[in-house]
Amino acid sequence: MTTTTDLISDLRWRGLIHQCTDESGLQKLLGEGPQRIYIGFDPTATSLHVGGLMQLMMLRRFQRAGHQPIALVGGATGMIGDPSGKSEERKLLSVEDLQRNVAGIASQVERFLDFDGDRGALLINNFDWMQKFSYLEFLRDVGKNFPIGPMLGRDLVRSRLENEVGLSYTEFSYVLLQAYDFVHLAKTYGCRIQGGGSDQWGNITAGIDLGRRMGGLQLFGLTAPLLTTSDGRKMGKTESGAVWLDPERTSPYAFYQYWLRVEDADVMRCIAYLTEIDREEYESLQQQTQADPGKRVAQKRLAAWMTELVHGSAGLAAANHASEILFGGEIDRLSDRQLSEIFADVPSNECSRELLSGEGLWIVDALRQAGLSSSSGEARRAINEGGIYLNNRRVSDFNRKLTADDLASETVLVLRKGKRNYALLRFV
RNA sequence: GGGAGGUUGCCCGAGUGGUUAAAGGGGGCGGAUUGUAAAUCCGCUGACUAUGUCUACAUAGGUUCGAAUCCUAUACCUCCCA
């Protein structure tokens, strides 16, 4: 376990301190003994995606250094919607969706932090205290402490007004809620530190100002950089959408593969940002990457670390198993269950089992059924080009008919076009 | 209101009566190579019940043995003059 003095320097070499309101003050505070730090999570979906890992890891690092993390799920703030980083007004979530999202995110946060013992992490929902406020009370107690000048000066507000996209009163007032959360936590839990991504800076400093005005509190804010690639794009996006922490949305295999495919230019930064790999190993990985990038030692280490953290050792084992099969040889004599785990992210279609009987199902029709070809001409072409694989075996004859003997498991046929476009056909 | 030019496949763009399913490029898709990278090279890129048939060059008609190419009308776009 790192000590408090190590914590700030550890964060610094990892590049995790983007902005800090008063670094020497914060260092002093952390030196005085265990502190509490909070980070809010926006319940915009039932799951966090990889961007949220930065925040989860920050809490985790504080906990390992002997402090107490507080994960706040924004049941109340989510009803309004944080306009930070959004170029246009957001749609409001329904109350039912919101509740589902809050529950989903809470269960994910629990995997990252230790909730046992005196210093166990806390998981709270700001709806619990916000719901008790009446509008009038809120305006008198909180709104009175918000001068409108600085609010209008915020980048977010200015850019929205300049672009004529506009901003509703609701989103304009969002910052009051998050600012009040901080003050509330400072008063009831003695939590004097708020962390977050760099997009949260404005919200955090607003809370610090409010704390000073409402009770002479001295609060601290610390933001981490956003997780971006070397050319400035946000990480966590693939062609097929966001990479989620929820195994139902992004299978452990896909999650593992995402990290394995991180570019050389980004991999060391990801390791610094997202893992607890120590400096010694970090430097060794860096050397190995430079010496022989083809081995992708750093990517493998990153992928293994992330997958084990998020999906457990069983998830990592499943991801490895799937990788072996997909990049290995033929697919044969597997069970439906194994296949559906390996191909959890692969589109699948059901067809009637009768198609396999008699003469069998024409491969061209199978490709169309599976969505790999949009026309039979395209399917024939792909076969002629040697780009079609049945159970990972290349198909060379476009007159090929598929029968029950071709099934890779009880009911499933695995089709592939090119290197990695898989599709399943289930015969039921 | 008058005049000139334009509208081609997913996109850009050549083609001005006869192998034109339409040059070339981009994009996309495959293959080889590779590190599940980048770069490179090669192939494919309208549809179908497929060695043939059908549909396509803004839309609708017409001339012709034969039209993306010529004629007429319509729609849209660009420019110039008032």
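Since this is a predicted model, take the numbers as computed values, not measurements. Chain A is the first sequence line, chain B the second, and so forth, proteins listed ahead of strands; every chain is numbered from 1.
Nearest nucleotide to the side chain of A:K419, out of B:C44, B:U33, B:C29: B:U33. With B:A50, B:G31, B:U36 as the candidates, the nucleotide lying closest to the side chain of A:R380 is B:A50. Side-chain proximity of A:R420 to the nucleotides B:A37, B:A47, B:G31 is greatest for B:A37.
Residue A:G418 is classed as a sugar-phosphate contact, given heavy-atom separations below 4.0 Å to backbone atoms only. Contact annotation for A:R381: backbone-only contact, meaning every heavy-atom pair under 4.0 Å involves sugar-phosphate atoms and none involves a base. Residue-level contact check: A:F398 touches neither bases nor backbone, having no heavy atom under 4.0 Å from any strand. Residue A:R416 is classed as having no contact, given no heavy-atom separation below 4.0 Å to the nucleic acid. Nucleic acid contact for A:G294: base, since at least one base atom lies under 4.0 Å from a heavy atom of the residue. Contacts of A:N421 with the nucleic acid, taken as non-hydrogen atoms under 4.0 Å apart, involve only primed sugar atoms and P, OP1 or OP2.
Within a 6.0 Å radius of CZ in A:R119, no more than 12 heavy atoms belonging to other residues, nucleotides or ligands are found.
The gap from the C1' atom of B:G15 to that of B:G25 amounts to 15 Å, rounded to the nearest Å. Nucleotides B:G62 and B:C76 have their P atoms positioned 24 Å apart, rounded to a whole Å. Rounded to whole Å, the C1' atom of B:U55 lies 15 Å from the corresponding atom of B:A50. The C1' atoms of B:U64 and B:C70 are separated by 10 Å, rounded to the nearest whole Å. If you take atom C1' in B:A56 and the same atom in B:A67, they sit 13 Å apart, rounded to whole Å. Rounded to whole Å, the C1' atom of B:A39 lies 39 Å from the corresponding atom of B:U51. A gap of 11 Å separates the P atoms of B:G18 and B:A68, to the nearest Å. Comparing the P positions of B:U36 and B:C48 gives an interatomic distance of 35 Å, to the nearest angstrom.
For residues 368-379 of chain A, the pairs satisfying salt bridge (charged side-chain N to carboxylate O under 4.0 Å, His left out) are A:E378-A:K417, with sequence neighbours left out.
Comment: A:E283 engages A:R279 in a salt bridge, judged by a side-chain N to carboxylate O separation of less than 4.0 angstrom.
Within the 4.5 Å cutoff, the side chain of A:L355 has no heavy atoms near those of the A:L402 side chain.
Looking at A:E385, its side chain has no donor and acceptor atom pair within 3.5 Å of the base of B:G31. Evaluation of atom-type donor-acceptor distances gives a pair under 3.5 Å for the side chain of A:D264 against the base of B:G35. A donor-acceptor contact under 3.5 Å links the side chain of A:Q257 to the base of B:U36. Side-chain atoms of A:S376 and base atoms of B:A47 include no donor and acceptor less than 3.5 Å apart.
In this structure, the CZ atom of A:R368 is 13 Å from the P atom of B:A50, given to the nearest Å. Going from atom CG of A:N384 over to atom P of B:U45 covers 10 Å, rounded to whole Å. Rounded to whole angstrom, the span from the CG atom of A:D292 across to the P atom of B:U34 amounts to 14 Å. Residue A:E263 contributes atom CD, which lies 13 Å from atom C1' of B:G35 at whole-angstrom precision. Going from atom CD1 of A:I383 over to atom P of B:G31 covers 13 Å, rounded to whole Å.
In this structure, the ring pair (Phe, Tyr, Trp, His ring centres under 6.0 Å) partners of A:W244, at least two apart in sequence or on a different chain, are A:H49.
Between A:R394 and B:A32, a side-chain N or O to OP1/OP2 separation shorter than 4.0 Å is present. Side-chain nitrogen and oxygen atoms of A:Y389 include at least one within less than 4.0 Å of the OP1 or OP2 phosphate oxygen of B:G31.
Of all non-hydrogen atoms in A:I204 and A:G196, the two that sit nearest each other are CD1-N, 4.2 Å. A:L415 approaches A:A370 most closely through the heavy-atom pair CD1-CB, 3.8 Å.
Side-chain N/O atoms of A:N203 and A:Q200 include a donor and acceptor closer than 3.5 Å.
In secondary-structure terms, RNA chain B builds stems of at least 3 consecutive Watson-Crick or G-U pairs, each pair having both distances under 3.5 Å, at B:1-7 with B:75-81, B:10-12 with B:24-26, B:27-32 with B:40-45, B:46-48 with B:52-54, B:58-62 with B:70-74.
Comparing A:S374 and A:R261 along RNA chain B, the residue whose closest nucleotide (by nearest heavy atom) sits nearer the 5' end is A:R261.
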